[in-house]
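Data first, discussion second: the structure below is written as structure tokens.
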Amino acid sequence: MSELDRRDFLKLVGVGAGSAAAAGCSDHVEKLIPYVVQPEEITPGNAVFYASTCAECPASCGLHVRTREGRPVKLEGNPDHPINRGRLCARGQSGIGRTYHPDRLQRPQKRGASGELEDTTWEEAIALVAAEIAKAPQKTQVLGGQTGPTRGQLIDDFVGAVGAGGRTVYEPFAQEALREAARAVFGIETVPHFDLSGADLVLDFGSDFLESGPSPTEHAGQLADARAVDTHDDGGARVIAVSPRLSMTVSNADEWLSARAGTEGILALALARVAIENGAGDDSHRALLGGLLADFDAASAAKKTDVPAESIERVGRALAKAKSAVALPPGVALSSRRAIDTTGAVLVLNHVIGAVGSRVQVPPASAGAQPSYRETLALIQAMDAGNVSVLLLHDANPAYSIPGTAGFRDALEKVGLVVAFASLPDETTALADVVIPTHSALESWDDAQPRPGVRSIAQPTLRPLYDTRSFGDALLDIGRAVSPAASGALPTGSWRNVLEAAWADTDWTAALARGGVFTDAPAGEPTALSADVARLEVVEPKFTGSGSHTLIAFPHGFLYDGRGANLPWLQEIPDNVTKVAWASWAEISPATAESLGVEHGDVIGVETSAGRLELTAVVRGGLRDDVVAVPQGQGHTVGWWASRADEGAPGEARGVNVLDALPAGVDERGGRAWLTEKAALSNTGRSRRIPTQQTHDNQRGRQIAESISLVALAEAAHGDGHGDGHGGGHGDGHGEAHEIREPFDPADDAHADSEYRWGLGVDLDRCTGCSACVAACYVENNVPVVGETESLRVRQMAWLRIERYIGDGEPELRAGRERMGPNTESVGDTDVRHAVMMCQQCGSAPCESVCPVIATYHSEDGLNGMIYNRCIGTRYCANNCPYKVRRFNYFDNQITKWPEPMRLGLNPDVTVRGQGVMEKCTYCVQRIAEARQVAKNENRSIRDGEVVTACQQACPTQAITFGNLRDPESAVSKQAENKRGYHALHVLNTRPGTTYLAQVDRGEVEG
Amino acid sequence: MPSLLGVFEAPEPVADAATRLKNRGFSEMEIYSPAAFEVLDDVLDEKPSRVRIYTLIGGLLGVVTGYTLTIWMANDWPIMIGGKPFSSIPIYTVIAFELTILFGGLATLIGLLVVGKLPYGSFGKTDEAYSARFSGEEFGLVVECSDRDVAEVDALLRSHDAKEVSLVGA
Amino acid sequence: MARFRPSLSQIWTVALAIPAAGFLLLAGPGDRAAASGDTLRAGSVCEAQELKALKADDPHLEIEIPAEFDKQFPSLSACRSHEAAWDPEAPGPKQPIPFSHAHHAGEFEIECMYCHSGTDRSPSAGVPSVELCMGCHSAFGPEYDELEGIRILKKHWEDSEPIPWVQVHRLPEHVQFQHQRHVQAGFDCQECHGSVEDMDKLYLVPDTKWWQYGLPTKKLEMGWCIMCHRENEASQDCLTCHY
Amino acid sequence: MAPPPAMPVADAMRPALPDGDSQANRDLLRVMEKPSLGYFGLLGITLLAMHVAGALWALMVYLGLGVAGYTHPIFWGAYIVTFVFWVGIAHAGTLISAILFLFRAKWRNAINRGAEAMTVFAVLTAAQFLGIHVGRMWKSYFILPYPNQRGLWVNFKSPLMWDTFAISTYATISIVFFYIGLVPDLAIARDRATGWRKVLYTALALGWQGTSRQWKSHSRSVLHLSGLATPLVLSVHSVVSWDFAMSIVPGWHATIFAPYFVAGAIFSGFAMVLTVMIPVRRIYGLERYITDYHFENMARFILLTSLIVGYAYAIEYFVAWYSAVEPEQTSFWLRAFGPYWISTWTMIICNAVIPQLLWFKKIRTHIPSLFVISTFVNIGMWFERYVIIISGLSREYDPAVWGVYTPTWVELAIVAGSFGFFATLFLIFLKLFPVIAISEIKELEIHAKAHGAGAGS
């Protein structure tokens, strides 16, 4: 349809808006606002899905945007998309918030006489910018983040047309070291991508590939399939993680080598050596033994890396034995000044174990402008020298994400006219002279090419809320205004026409419907090691600063490089590892804490050569004694949720920006490095509470998150399914499979003549603890975000949370009850259980029988119904719920916590809860109801897999299954029969509808 | 017909005098007492007080209501709760018990009012013979008798050491 | 109206009623007739239609119809329902356009679902788009602009502004009602909405059911729904409507 | 007899009291005379506390319960604690009037009126906390099984429902009991009052004249009511205890709770009677009626119940240990050594240790120390409920959501206000009704006079 139609049909309508008022009916007159022109595909009250592309990170996952009456209400994964295969991570789920964000830039702004930004008109803004460019085109520069191919091309065209000085691509977390390393090792300047599907041994050198890696959702899915115990009797792929701290990724590994930070390359080469000695690789590799690998024998490597020689030997042998092993290079957190050599070493290792070409795809040299930190720094130099008169900024927040020592802010002062294209304000737009308001990602056309063979398209799914333009159109308008010549040189038509032209070689409508064009990636031709390999200098990196601890600035699982900080859900959902929200923190080991004389919650000073930070200490055992770890992404001074504006303190930073303690950080080849500082720690004597959702990670043998060893699993598979009934669930995993199953059939717990008994299955072995389900639940069910102050009181409303336990908690029990060790992690221990905890829809629910007004009850199809408008708030149900999954509205959160226009994004199918009522998960009953309508229309019963709960839909590893327990063929029934199946806290005989599958303990890798 | 009022210091003489008079055939009598004394309870009327009937009926009513109410309401719109039966007698016994007490108690109050003929008299008025001394420490015995019996009754009252005898409403 | 909870718009309706009534009195044909002696003179097409009707009843009547008002359309019924739809005396809130269901659904027997098209396939019945209205009305001649409602409609179409209808049948937000279920179960719209086809001005037709223990429940109250669900053995599970 | 022509009471009274009135009347009616400045000062304080609390309550209803200290997973806080506390206080009155009446314990007569009044006021205070506690106070009528257009009923399986019935029954019965006992004394007051008081008492006294028929039905009613009230007293706090015992929360789910709570209730009730009656006796010089003998008996009761409560504490820990149920054990361990250890030890010392002093007759009969001890008991009993409720919830089955609760100043102010409310009612009662059952006192005195001294006090 034409642009115009689209605008009209996406005109906002109020038909569904009514449901955004609180439970407990109000008496005001409700207006019915119909369409002016009703598009054929829209029926008010029914959802329409549009395929699009996620813009939250360069991975570019495919989206299905669920819209109601022309408003996106939920982002879901596009099943056809090869990257995420229908799944979507927490960041992607939260992306919807950017469109309905209270901060939205609503019209062009320019810096007025007062020095403040003032509203202006499009005409004026464009004229102003164009005039400035026309004055000195040569001194015009474009600086921005990674964009889709078409948009990149458009920018290049623009640069060419107006004769601008040039274009610089700045992407904080771009894999520059990997690209450089690829050139060094394969002689091709490209970004290899890693494919874990079918791998049997994954060796992670600190890439954090499950949280902040290059493509977390994709890799999580691949790994989960690669080690699914139901299809691999041997337990499938093993994961060995090399990292100084127990990150979420490490917690999913089978073995954890806590190498000294920065020595990963040494370890990689040592492993390569052992592998070759044990028969891995070919002659070309054996040749390396004398050269590159000469002095990387296990013993000396052990000394340097602080990894026991025997482990190196064993893992090396395992690598040699493995049929399809793969090694992942260090990520942001471990990019030292030797990042390129380290990464190179890992690539060499990959080559040795024969992963290159299969698990490691080396695409042909990448075309177009590539992200370059070095060039960015060069541009800053130029700006500082006054050689830039106009700077166009887009898709990046350099004022925040470039360390202050690089002097970007000062250099910006010297630029004549700073023009920022943005849909949300940030530190950079705050410094701009002209702010061009662009559409949000959901409002504009775009495309992306995360890798060869994957062309993904993004289409607008609602009518622009404000007087904004898509980046492309704005740029074209400016370019055309510069000069007739420029106008002539620029592509004709609107940005949309440009995009369509770029896709001319494809079936446009088919691409729109499918979300892009997906072909098999061109098989990377077998790549030989280049001669330059010998030139890799794999040595311990140099650190600046005199401190005793190595400062590790790791990317926050949700905030990424800081771009997530302004999305409420990403702030409220607690960190996957520490369960801390709304804050920055410093992780130190108990030994460090003792030496400093601080405790969990005390504020410590972290001083480096570049600056000093004060952070609340989080004491955890899962950390090397010689490091202090601080998350990136906080410390914003602009933004409703990013700064503390939502708490009534605009301009006040939330948390601290760890980059303030990092130097401009270039590695020996000019790439970006984060792991460069030694930090001196000090005890400030103060303490500051930070919102922490979970304080105890010791489950005291209560069988909430179970684990089972491969041995016991095999026994269970052949055993009679009856074992000794004694509880406790020992760490060695003998016979949980017997004792964690109790004699009842969840399918019984529904109305006698009901066709359904809804049930849910959670496979803890697949679950990585990534919190995608939590975010999905928040967005789907209109769960309010309560903010920092309320979170300090642990009043988050999350219907679904992820509990993190270390082992069974047995030792603590034996040690005596008084030892409450809030943190029982220890270095090298990867027995971490991530338990998804939501309402279990109990058959004999303790909450139901205590409610005096029948506000909660057992529905005919086995759900534990919660009727908000009947609830009077005695909170007895919540007391009596052993799983503690009920949440209470202490305030009128829906009114106070959703600034306009956030309410437009509320899901009209879910009642919005008012003050003083209890709420909880009901297995997405609104989706069940929707499916029931469809089924009844077609006069049939609901099919298995027809109802997909929000959490299930989001889960990157498909750890969650949902369906009808009364249908013996349904996936969930089969799962309930699984030998690993058990029910949380089964001793209470609550007869839950949720079945957990025990995590599998695969043990150490055998050499 | 005149009434004689004898004023006494203690309950027992009143009881004796009243009993004697009754045996003599004087039926219209009334006793005023500042406090409850068992000796006086059955002097004028031996029949046990009927208050207990009220209490009994009230209590029975309560227990029946308790069970019917709960069971009917639970089955009027049967809703599954915690996997428990709709009519769970042991649980509803609590309600039944409380209602037994409640109804019994209220019935007793009613019983007191009906049997004790309360509220008595018209507002602000009392019997001619009654006076505040009887809410002090003294007892009163009022006997209605024909003129010719006055002397006899008077003598009898005084013989039961009434400290004074006066003629009321002549 | 007592049967309505007084809402702001209704208060306004009443407030507007008095001057409106007075205006109608002054502008009514009878008054004109008085002004121009014994011959009744039409001042508008609608008056002309009225006079023609009077003439038909009583041939002796002297009427005068200026040429510009002597048109076939808008028809008498159109005129009448148009006026009735904004009759301040009539129950129901004043709608932005004097749209008469009686005229469209009643006289011309247009199917309910022709305009409320989502009713049988979505939870919400849906209100017709301006485009749908214009679909027919753009086909009619300019003489219809005589009627104010038509003029308002066309204005909305030209500025492509939606029409802010006032909701008459309203359930609280915590009730999830499925139109399609009830339509497909074969219920007439009238069962809940009353005989809309007879209403010029739409209002909530009062209805009351009685529980066996003798308690009344008014239309669109929960008990009212439940009793119907019981009679028809439909689901009485709380989660069917509340989630 | 056909009632003789009536004449105004006033006339009947003129010849009535030649040589003054009985001493009991004079002494006890004096209490009701014109209040002193001190009285008004005290009343002012209690009224202030009460109104501040009221304002805060309104604020809380407007803003939401978030102003209280609730947190996940501790959904019940100071309000429920105080609710249980007041329900406990309410037990002394009926116990004294009903059970001791059945046991014919004469010494009860001196204190039963004051205790009954306290019962009524305490129940009224407690009942308010149900309203204060719920999240949607304006919808709390949902909890009543009234016929409604929705056709919805309530859940009689919920202990809170039992509460509703138990508390309202208890309130009704204790008011009835209180009033019936009051009627003869109202008659006494009526016969001696003037002005508005006369009108009031005339209305309330129901034309009581102390005829043998009235006395007969009166004493029968009191007897039957006592018979009903005795099981009621025991049931009410049992039901309240089941609010906890019927749940599955570790530390709550115990069969011992009913007797444990009842004992505790009597314990705290008697303590409160002492705390209130000792000053009253002192101020109004009622030593002639409320003697040390009465207080000593009360002290004996306190000692006994203290032993029962102490036993309950011990047995709780024993069962937790013996059960070998890990959550139970953890819960109780943390009760004593976890975040709430202060409350726990306050409770144990105040309730189980300090009252042991009452073994010594010297202390039992030494009024000031009785006052101090009873105050300690009151404090201890508040903390007992605090410990049971809060520490139980803070350490439940899922360690991931263990939490800690601390009351906010709003909660504490409202709790304080409840004491203000209670005290206000009691102060008004002092001036409006005889604080001691005059007619029952007379019953003893006349009896004594007739048969010489020796019969009771």
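Below, chains carry the letters A, B, ... as their sequence lines are ordered, and counting in each starts from 1.
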Which portion of [X] sits near chain D, non-hydrogen atoms under 4.5 angstrom:
{"X": "B:Phe103", "value": "neither"}
{"X": "B:Phe97", "value": "side chain"}
{"X": "B:Ser88", "value": "side chain"}
{"X": "B:Glu12", "value": "side chain"}
{"X": "B:Val115", "value": "both"}
{"X": "B:Pro85", "value": "backbone"}

On a heavy-atom basis, the closest approach of D:Arg192 and B:Ser135 is NH1-OG, 2.7 Å
Ignoring hydrogens, what is the shortest heavy-atom contact between D:Lys157 and B:Tyr92? Give both atom names and the distance. NZ-OH, 3.3 Å
D:Lys216/B:Leu44 under side chain to side chain contact (heavy atoms under 4.5 Å, CB included): CA gap, chis, key distance, verdict: CA-CA 10 Å; D:Lys216 188 173 180 180; B:Leu44 297 187; over 6 Å; no
Would you say the side chains of B:Thr55 and D:Arg220 form a donor-acceptor pair under 3.5 Å? no
First locate atom NE2 of D:His224, then atom CD1 of B:Ile53, and finally report the distance between them rounded to the nearest 0.5 Å. 8.5 Å
Quick one: CG on D:Leu225 to CG on B:Leu109, what's the gap to the nearest 0.5 Å? 8.0 Å
Counting only non-hydrogen atoms closer than 4.5 Å, does D:Ile188 touch chain B with its backbone (N, CA, C, O), its side chain (CB onward), both, or neither?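 Answer is both: backbone and side chain atoms of D:Ile188 are under 4.5 Å from chain B.
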Is the closest side-chain heavy-atom distance between D:Ile446 and B:Pro34 below 4.5 Å?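 A side-chain contact exists here, since the closest heavy-atom pair is under 4.5 Å.
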Can a salt bridge be assigned to the pair D:Asp191 and B:Arg133 using a cut-off of 4.0 Å between side-chain N and carboxylate O?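 Looking at D:Asp191 and B:Arg133, the cut-off is not met.
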What residue in D:Ser219, D:Ala187, D:Ala24, D:Ser235 has the most heavy-atom pairs under 4.5 Å with chain B?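 Option with the greatest count: D:Ser235.
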Tell me whether D:Gln209 contacts the main-chain N or O of B:Asp127 through its side chain, where contact means a donor paired with an acceptor under 3.5 Å. yes
Got a donor-acceptor contact below 3.5 angstrom from the D:Trp215 side chain to the B:Ser33 backbone?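 Judged by distance alone, yes, a pair lies under 3.5 Å.
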